[in-house]
Novice: 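The structure's right below; bear with me while I get my questions together.
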Amino acid sequence: MEKVPITVIGAGQAGLATAWAANRHGVRPLVLEAADRPGGSWPHYYNSLTLFSPARFSALPGLAMPGDPERYPLRDEVVEYLRDYASRLDADLVYGSRVEQVEHDRAGFVLTTADGSRVRSSMVVAATGSFSQPHRPALPGLEDFTGTVLHATQYRAPEPFTGQRVVVVGGGNSGVQIASELADVARVNLATRSPVAWVNQRPLGRDIHWWFTRSGLDAAPLRRVWEKGPTPVIDDGRYRADLASGNPDRREMFTRLDGDKVTWADGTVERVDALLLATGYRPALDYLAPTGALDAQGHPLHRGGISNSVPGLGYVGLEFQRSFSSATLRGVGRDARHVLRRLLARARR
Ligand SMILES: Cc1cc2nc3c(=O)[nH]c(=O)nc-3n(C[C@H](O)[C@H](O)[C@H](O)COP(=O)(O)OP(=O)(O)OC[C@H]3O[C@@H](n4cnc5c(N)ncnc54)[C@H](O)[C@@H]3O)c2cc1C
């Protein structure tokens with residue numbers, strides 16, 4: 001069986017940043033990617049998606065985003081940028097190669113892919129994101145709801161909902177943005193557990209990411225502070241204005257669903273056509289189960305991206321892995337460098 005020094009699973013931004021970090025240490029990694037191209041989940045995000053950070057703060061290490069650094073790039077620009085980034089790496093990038101299982105023994109790891117191929121690797125970095133594991137909350141009556149139910153992962157554009165009554169569940173960035181664009185063609189409620197928490201996109205004329213970077217907050221381990229309240233929604237004023245207009249109409253989370261009806265917290269019952277769940281994601285790491293690297297809920301046991309239980313195993317791209325920007329374009333490179341440095345230092349001991 002072939003043996004390689006390091007295998008990265010996933011060629012999204014996290015996997016590509018990890019491969020770049022490996023190159024910096026003079027290592028050529030094997031990168032196994034289930035899809036037939038690099039770039040991860042970006043091509044599957046909704047059509048109108050515009051980055052919440054300017055190009056200047058949206059690049060991976062070693063390659064600036066082209067064009068005006070102050071502009072907010074579109075989804076397809078990120079797709080193109082990541083494709084270009086991948087083409088510059090010194091890596092063995094293998095597409096159409098889904099890792100089904102990882103096993104660990106004293107000699108290292110054995111990875112088995114969907115076509116039955118096996119590869120031995122001294123180190124493994126899991127960079128498989130969470131888009132393939134959409135979280136569907138256990139809402140009373142959801143399983144028997146007779147209208148359309150879809151997760152934000154399945155949403156592309158508002159047109160199919162023209163003239164409908166839609167409830168978007170979840171008050172994070174995706175929920176607010178999707179509700180706002182749906183309101184151009186549909187009657188929309190935004191159902192959230194607490195009022196939307198806003199963050200001004202450009203305080204004192206500078207983008208918020210400039211302030212995050214300048215203050216050092218971007219790299220700070222703020223998980224506890226961040227998780228205390230609702231996810232802050234970055235806004236230049238347009239989403240607040242949309243909600244103030246009454247469509248979308250933000251309401252406290254409904255108490256139950258019944259057939260095609262929703263019962264609101266004040267007892268009002270209304271018929272709706274579609275329910276759109278913007279309710280987040282969970283890490284997609286099932287393939288690691290045989291190694292004992294996951295807890296009972298399937299979450300990785302790690303500190304700063306280094307596995308607590310399996311030597312030689314690291315993670316890149318987990319939410320709040322080391323900071324609140326860990327799972328973003330601007331933050332993932334910092335974590336990739338850290339994880340590679342730690343894994344390689346251990347291997348050289
Ligand atoms: C709607 C939305 C908007 C966002 N907007 C922004 C933004 O404006 N700015 C920002 O910085 N961040 C944003 N993010 C957050 C984050 O940057 C993206 O989610 C990003 O795509 C995560 O990259 P990743 O590489 O960790 O995961 P992914 O992009 O999901 O890539 C994971 C890769 O792993 C592959 N894979 C999965 N399982 C396996 C397996 N078993 N074997 C082999 N390959 C596998 C997948 O095919 C995929 O290519 C947004 C996220 C969402 C959902």
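Whatever order the structure lists them in is the order used to number ligands and atoms, beginning at 1. What you see below is based on every heavy atom in this structure, not just the backbone, and it leaves out hydrogens, waters and symmetry mates.
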Novice: Using a 4.0 Å heavy-atom threshold (strictly under), name the region of I9 that reaches ligand 1: side chain, backbone, both or neither.
Specialist: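 Side chain only.
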
Novice: In terms of residue, atom name and distance, what is the protein heavy atom nearest to atom 34 (O) of ligand 1?
Specialist: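 Residue, atom and distance for the closest contact: G10 CA, 3.4 Å.
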
Novice: Applying a 4.0 Å heavy-atom criterion (strictly less than), which segment of A127 is in contact with ligand 1: side chain, backbone, both, or neither?
Specialist: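 Backbone only.
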
Novice: Counting both backbone and side chain atoms, is some N or O of V99 under 3.5 Å from an N or O of ligand 1?
Specialist: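 Among all N and O atoms of V99, at least one is under 3.5 Å from an N or O of ligand 1.
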
Novice: Measuring only between side-chain heavy atoms, which start at C-beta, is R334 closer than 4.5 Å to S325?
Specialist: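 With C-beta onward as the side chain, the pair touches.
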
Novice: When you look for heavy atoms under 4.0 Å from ligand 1, do you find them on the side chain of Y45, its backbone, both, or neither?
Specialist: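 The answer is the side chain.
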
Novice: Answer with yes or no whether the hydrophobic clustering places V269 together with V272; edges join I, L, V, M, F, W, Y residues whose side-chain heavy atoms lie under 4.5 Å apart.
Specialist: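 Not linked; separate clusters.
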
Novice: Show the atoms of ligand 1 that are less than 4.0 angstrom away from any heavy atom in S97.
Specialist: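 Ligand 1 atoms under the 4.0 Å threshold to S97: 43 (C).
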
Novice: Polar-atom distance check: Q13 versus ligand 1, any N or O pair below 3.5 Å?
Specialist: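 N/O-N/O distance under 3.5 Å: yes.
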
Novice: Which bit of S132 is near ligand 1, meaning a heavy atom under 4.0 Å away: side chain, backbone, both or neither?
Specialist: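 The answer is neither.
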
Novice: Could you tell me whether S174 approaches ligand 1 through its side chain, its backbone, both or neither, with non-hydrogen atoms closer than 4.0 Å?
Specialist: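 Side chain only.
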
Novice: Would you say A327 contacts ligand 1, with heavy atoms under 4.0 Å as the rule?
Specialist: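 Yes, A327 has heavy atoms under 4.0 Å from ligand 1.
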
Novice: Can you tell me the protein heavy atom closest to atom 12 (N) of ligand 1 and the distance?
Specialist: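 Scanning the protein heavy atoms, the shortest distance from atom 12 (N) of ligand 1 goes to F52 CZ, 3.7 Å.
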
Novice: So which bit of L49 gets within less than 4.0 Å of ligand 1, heavy atoms only: side chain, backbone, both or neither?
Specialist: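 It is the side chain that touches ligand 1; the backbone stays farther off.
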
Novice: Just say parallel, tilted or perpendicular for the rings of F131 and Y45, cut-offs at 30° and 60°.
Specialist: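 If you compare the ring of F131 with that of Y45, the planes turn out perpendicular.
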
Novice: Give the atoms of ligand 1, by number and element, whose distance to some non-hydrogen atom of L51 is under 4.0 Å.
Specialist: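 Going through ligand 1 atom by atom, the ones under 4.0 Å from L51 are 7 (C), 8 (O), 9 (N).
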
Novice: Taking only heavy atoms of L32 into account, list the atoms of ligand 1 that are under 4.0 Å away from them.
Specialist: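 Under 4.0 Å from L32, ligand 1 has these atoms: 43 (C), 44 (N).
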
Novice: Going by the rule ring pair (Phe, Tyr, Trp, His ring centres under 6.0 Å), which residues pair with H104 if we only count those two or more places apart in sequence or in a different chain?
Specialist: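 F109.
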
Novice: How far apart are the C-alpha atoms of F212 and F324, what are their side-chain angles, what is the distance that settles it, and do they pass the ring-ring contact (aromatic ring centres under 6.0 Å, His included) test?
Specialist: CA-CA 10 Å; F212 285 155; F324 84 90; 5.0 Å; yes

Novice: Can you report which non-hydrogen protein atom sits closest to atom 35 (C) of ligand 1, along with the distance?
Specialist: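 Looking only at protein heavy atoms, the one closest to atom 35 (C) of ligand 1 is E33 OE1, 3.3 Å.
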
Novice: Would you check if there is a donor-acceptor pair between the side chains of T279 and R136 at a distance under 3.5 Å?
Specialist: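 Looking only at side-chain atoms, T279 and R136 do not form any donor-acceptor pair under 3.5 Å.
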
Novice: Taking 4.0 angstrom as the limit, do E70 and R206 come out as a salt bridge?
Specialist: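 No, no charged N to carboxylate O under 4.0 Å.
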
Novice: Going by the atom numbers of ligand 1, which of them fall below 4.0 Å from some non-hydrogen atom of Y287?
Specialist: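 Answer, ordered by atom number: 41 (N).
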
Novice: N/O to N/O below 3.5 Å, does that happen between A14 and ligand 1?
Specialist: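 Yes; at least one N/O pair falls below 3.5 Å.
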
Novice: Pairs of nitrogen or oxygen atoms closer than 3.5 Å, one from L329 and one from ligand 1: do any exist?
Specialist: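 Such a contact does occur with ligand 1.
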
Novice: Heavy atom to atom 37 (C) of ligand 1, shortest distance: which of T128, L16, V31 holds it?
Specialist: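 Nearest option to atom 37 (C) of ligand 1, by heavy atoms: T128.
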
Novice: Group every Ile, Leu, Val, Met, Phe, Trp and Tyr by side-chain heavy-atom contacts under 4.5 Å, then state whether L93 and L32 land in the same group.
Specialist: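 In one cluster: no.
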
Novice: Under the ring-ring contact (aromatic ring centres under 6.0 Å, His included) rule, what do Y72 and H209 come out as? Steps first, then yes or no, please.
Specialist: CA-CA 12 Å; Y72 295 87; H209 296 91; 8.1 Å; no

Novice: For R165 and N189, does a side-chain donor sit closer than 3.5 Å to a side-chain acceptor?
Specialist: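 A pair is found: one side chain offers a donor N or O, the other an acceptor, under 3.5 Å apart.
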
Novice: Which atoms from ligand 1 have a heavy atom of G40 less than 4.0 Å away?
Specialist: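 With G40 as reference, the close atoms of ligand 1 come out as 29 (O), 31 (O), 48 (C), 49 (O).
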
Novice: What is the closest protein heavy atom to atom 27 (O) of ligand 1, and at what distance does it sit?
Specialist: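 For atom 27 (O) of ligand 1, the nearest protein heavy atom comes out as G129 CA, 3.4 Å.
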
Novice: Are the charged groups of D242 and R238 less than 4.0 angstrom apart, N to O?
Specialist: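 Looking at D242 and R238, the cut-off is not met.
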
Novice: May I ask you to identify the nearest protein heavy atom to atom 43 (C) of ligand 1, giving residue, atom name and distance to one decimal place in Å?
Specialist: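 Nearest protein contact, heavy atoms only, for atom 43 (C) of ligand 1 is A34 N, 3.3 Å.
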
Novice: Could you find the nearest protein heavy atom to atom 53 (C) of ligand 1 and give me its residue, atom name and distance?
Specialist: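 Looking only at protein heavy atoms, the one closest to atom 53 (C) of ligand 1 is Y281 OH, 3.5 Å.
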
Novice: V149, V188: one ILVMFWY side-chain cluster at the under-4.5 Å cut-off?
Specialist: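 No, V149 does not connect to V188 through the hydrophobic network.
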
Novice: Answer yes if the side chains of Y46 and Q177 hold a donor-acceptor pair under 3.5 Å, and no otherwise.
Specialist: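 Note: Y46 and Q177 side chains meet the donor-acceptor criterion.
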
Novice: Hey, are E270 and R251 close enough for a salt bridge, meaning a charged N less than 4.0 Å from a carboxylate O?
Specialist: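 Looking at E270 and R251, the cut-off is met.
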
Novice: Pick whichever of S41, G96, S326 has a heavy atom sitting closest to atom 30 (O) of ligand 1.
Specialist: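 That would be S41.
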
